[in-house]
Amino acid sequence: MEQKRTINFGAGPAKLPQSVLLQAQQEFVKYSNSGISVLEMSHRSSDFSNIIEKTQCLLRELLNIPDNYKVMFLQGGGSGQFSAVPLNLIGLKGDRCADYLVTGTWSAKAAKEAEKYGKVNIVHPKLDRYTKIPDPSSWTLNPSASYVYYCSNETVHGVEYNFTPETNGVVLVSDMSSNFLSRPVDVSKFGLIFAGAQKNVGCAGVTVVIIREDLLGHSLKECPIVLDYKVQADMNSLYNTPPCFSIYIMGLVLQWIKNNGGSAVMETLNKQKSAMIYDIIDASNGFYVSVGGIRASLYNAVTLEDTEVLAAYMKEFLKEHQ
């Protein structure tokens, strides 16, 4: 008897759509007419060129990415971008300074890394706890900053932006790793967006970087060549061997998102899933907001049916232990 699959609410690597897994399984040993697996395929072959081009085209379509933006598929995860962003952008202006919104663990790590390469200005009053986004009226933005950086969804502490920060013309940079393609986004408001794939758009190993073309070519002299955005953009992410299989899986997931209505439909379903769980939390008289507990992530591939199972379990657990 076939074992039933476990419902996966993991924080990432997160659940992949069942149809994507089955297609990857079917093509695992022999991809298309190549006679070999994607895992064995040269990244300079015509077959892989088709894979990476299709993946990029799907991403451009789903996000309506303007023509003056480059899309790259890089390695090193979000943590690699904590270094790559300042190494490429903090020298945009002579003062080597950048503004950071620090509203959780991930932006705090990014700010600490950026301090190695220039002056970092935390634009809001110091937070004792990461429980909310400081009101924009309390921010002190530096007009001489090379960029303003924020993490759009701080998963560790559960703080998510429901607005795009206004930077008064300064380049805006966002880590969207945990809510990338979970809702529509206006790419034109950003100088740079990056996102690890392993939450909503694929498996671990590849990080998407979307950058406006005029921001290329400003890297610091100490920037490692594999982190240099201009080098990678000019080489179509093929300066070194890219994470080929991860890019292939991302392409399958992006096609699944497109087939299921795109980011707008993803947002509708995600709101339904989150409401299902938060309604139980809100009605628990504080039981589900006490210290400790577990984390359940409701990324794109988690279905309404999966969420209903979790909701039913939470209700039963509450009934037994309250």
Side-chain angles (χ1 to χ4, degrees), residues 2-6 8 10-63 65 70-81 83-84 176-178 180-181 193-211 224-260 299-302:
E2 184 179 352
Q3 184 179 2
K4 189 175 181 181
R5 277 176 53 80
T6 299
N8 183 2
K15 181 179 180 179
L16 289 167
Q18 181 84 345
S19 60
V20 166
L21 293 172
L22 291 173
Q23 183 174 348
Q25 180 187 51
Q26 183 180 357
E27 297 177 337
F28 186 77
V29 174
K30 186 174 68 172
Y31 173 78
S32 187
N33 296 318
S34 69
I36 60 174
S37 171
V38 175
L39 288 169
E40 306 169 285
M41 190 178 289
S42 168
H43 60 294
R44 305 200 186 278
S45 67
S46 59
D47 284 307
F48 185 72
S49 292
N50 290 336
I51 288 172
I52 197 169
E53 287 301 325
K54 182 179 179 182
T55 302
Q56 184 175 146
C57 286
L58 281 166
L59 192 58
R60 286 187 174 277
E61 180 182 354
L62 287 167
L63 284 172
I65 299 174
K70 293 288 188 180
V71 174
M72 295 174 283
F73 303 112
L74 306 180
Q75 299 176 74
S79 296
Q81 293 307 308
S83 305
M176 294 188 181
S177 293
S178 58
F180 190 64
L181 275 172
I193 293 169
F194 71 85
Q198 68 275 8
K199 311 280 191 176
N200 282 306
V201 293
C203 62
V206 60
T207 303
V208 177
V209 175
I210 303 168
I211 184 170
I225 195 166
V226 294
L227 296 181
D228 191 313
Y229 292 146
K230 188 175 191 311
V231 170
Q232 290 286 9
D234 288 348
M235 297 292 291
N236 195 29
S237 307
L238 300 177
Y239 170 75
N240 58 321
T241 306
C244 299
F245 195 76
S246 297
I247 294 170
Y248 157 73
I249 292 292
M250 182 191 287
L252 298 185
V253 176
L254 294 177
Q255 186 65 56
W256 173 83
I257 292 174
K258 179 182 176 180
N259 293 346
N260 284 276
Y299 294 121
N300 284 350
V302 176

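Numbers here simply count residues along the sequence, with the first being 1.
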Salt bridge (charged side-chain N to carboxylate O under 4.0 Å, His left out): pairs with one or both residues in residues 12-26, sequence neighbours excluded: K15-D306
Criterion side-chain contact (heavy atoms from CB on, under 4.5 Å) on I211 and M72, from CA distance to verdict: CA-CA 8 Å; I211 184 170; M72 295 174 283; 3.7 Å; yes
Side chain Q255, main chain V20, donor-acceptor under 3.5 Å: no
Any donor-acceptor N/O pair, N300 side chain to L181 backbone, under 3.5 Å: yes
Q75 vs N240, side-chain contact (heavy atoms from CB on, under 4.5 Å): CA-CA, chis, key distance, verdict: CA-CA 10 Å; Q75 299 176 74; N240 58 321; 3.5 Å; yes
Nearest-0.5 Å distance, CG of residue N200 to CE of residue M250: 11.0 Å
S246 side chain to C203 backbone, donor-acceptor under 3.5 Å: no
Heavy-atom donor-acceptor pair, Y299 side chain to S178 backbone, under 3.5 Å: no
Worked check of side-chain contact (heavy atoms from CB on, under 4.5 Å) between F28 and L39: CA-CA 8 Å; F28 186 77; L39 288 169; 3.3 Å; yes
Residues 41-52 side chain polar contacts: donor-acceptor under 3.5 Å, at least two apart:
unit_1	atom_1	unit_2	atom_2	d
S42	OG	R44	N	3.0
R44	NH1	L238	O	3.4
R44	NH2	L238	O	3.1
S45	OG	S42	O	2.7
S45	OG	F48	N	3.2
S49	OG	S45	O	3.0
N50	ND2	S46	O	3.3

Residues which pass salt bridge (Lys or Arg N to Asp or Glu O under 4.0 Å) with E61, listed by chain and number, not counting sequence neighbours: K258
Euclidean distance, L252 CG relative to N259 CG, rounded to 0.5 Å: 10.5 Å
Residues Y229, K70; criterion side-chain contact (heavy atoms from CB on, under 4.5 Å); working and verdict: CA-CA 9 Å; Y229 292 146; K70 293 288 188 180; over 6 Å; no
Expected output: side-chain Q232 to main-chain V226 donor-acceptor under 3.5 Å: yes
Gap between atom OG1 of T55 and atom CZ of F73 - 0.5 Å precision: 5.5 Å
Approximate separation, where rounding is to 0.5 Å, of I249 CD1 and Q198 CD: 13.5 Å
Validation row: V38, E27 side chains within 4.5 angstrom (heavy atoms): no
S237 to P242 - nearest heavy-atom pair and separation: O-CB, 3.7 Å
Nearest heavy-atom neighbours spanning Q81 and L74: NE2-CD1, 4.0 Å
For L63, the option from L254, V208, I210 that meets side-chain contact (heavy atoms from CB on, under 4.5 Å): I210
